[in-house]
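Shown next, in C-alpha cells, is the structure this report addresses.
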Amino acid sequence: MKNQCTFCFQCNLFKGKISLPEDVAIMYKYHYCLSQTEKWKQCKRYTFENINGYCPDFVMPNSLLTIDQIWQRTQQEYALQH
Ligand code: SF4
C-alpha cells in the first residue's frame, strides 16, 4: 500500500507489541505510520530499521536520540544480557 510505512507489518510499535498508552500509539500511527504525506520517512524507528534491518523497542518515532546513540545503547543492552 502506498500511504503507509513499508515497515508496518514488521514494526513492533505498529503491531502493538510495545507497551504504550493507547492514545499515544494512535497518535504515532496517525502522524507517522499512516501519514498521507509520507512522514514515516521522518520516523526514527523507520530510519534505524532502514539502516540496520531492525529497530529496538525503546526507540519512539519522535526520538531525539541520534542513530549512533541508539546503536550504542543497543550494544550496551546486548552486552548486559550476554
Ligand atoms: S513506527 Fe515508524 S517504522 Fe514503525 S510502522 Fe510506524 S512509521 Fe514505520
Side-chain angles (χ1 to χ4, degrees):
M1 249 182 273
K2 188 172 176 225
N3 290 322
Q4 69 180 47
C5 173
T6 51
F7 294 136
C8 279
F9 298 111
Q10 65 195 66
C11 176
N12 279 348
L13 189 148
F14 191 83
K15 293 192 295 185
K17 293 189 173 179
I18 300 175
S19 181
L20 293 172
E22 190 177 359
D23 56 341
V24 174
I26 290 171
M27 184 269 293
Y28 282 143
K29 289 181 182 180
Y30 178 79
H31 284 290
Y32 291 94
C33 318
L34 304 174
S35 164
Q36 298 301 299
T37 55
E38 300 189 354
K39 204 172 173 202
W40 60 80
K41 291 178 179 173
Q42 297 169 34
C43 170
K44 194 60 64 76
R45 293 183 59 78
Y46 176 93
T47 304
F48 194 87
E49 176 117 17
N50 222 8
I51 296 168
N52 298 291
Y54 77 103
C55 184
D57 288 351
F58 68 82
V59 181
M60 293 294 106
N62 59 348
S63 172
L64 297 179
L65 295 173
T66 67
I67 295 301
D68 282 348
Q69 287 171 326
I70 294 169
W71 180 250
Q72 284 170 10
R73 183 167 161 187
T74 302
Q75 296 303 302
Q76 288 166 355
E77 289 188 356
Y78 181 82
L80 287 174
Q81 291 169 3
H82 296 87

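Just follow the structure's listing: the first ligand is 1, and inside any ligand the first atom is 1. Since the model is a prediction, treat every value here as computed from it, not as a measurement.
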- request: Begin from the C-alpha positions of W71 and I51 and carry the test side chain to side chain contact (heavy atoms under 4.5 Å, CB included) through to its verdict.
  value: CA-CA 11 Å; W71 180 250; I51 296 168; over 6 Å; no
From CA spacing to verdict: side chain to side chain contact (heavy atoms under 4.5 Å, CB included), I18, R45: CA-CA 13 Å; I18 300 175; R45 293 183 59 78; 3.8 Å; yes
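Geometrically, K29 engages F14 in a cation-pi contact defined by less than 6.0 Å to the ring centre and at most 45° from the axis. Seen from the ring of F58, R73 counts as a face-on cation partner, given the 6.0 Å and 45° thresholds.
At the top of the distance list for atom 3 (S) of ligand 1, counting protein heavy atoms only, stands Y46 N, 3.5 Å. In this structure, the protein non-hydrogen atom closest to atom 7 (S) of ligand 1 is W40 CB, 3.4 Å. Among all protein heavy atoms, the one lying closest to atom 2 (Fe) of ligand 1 is C43 SG, 2.4 Å. Protein heavy atom closest to atom 8 (Fe) of ligand 1, with residue, atom name and distance, is C5 SG, 2.4 Å.
Atoms of ligand 1 found under 4.0 Å from any heavy atom of C33 (numbered from 1 in listed order, with element): 1 (S), 5 (S), 6 (Fe), 7 (S).
For C11, every N, O or S atom stays at 2.8 Å or more from atom 6 (Fe) of ligand 1.
Between the side chains of N62 and Y28, at least one donor N or O lies within less than 3.5 Å of an accepting N or O.
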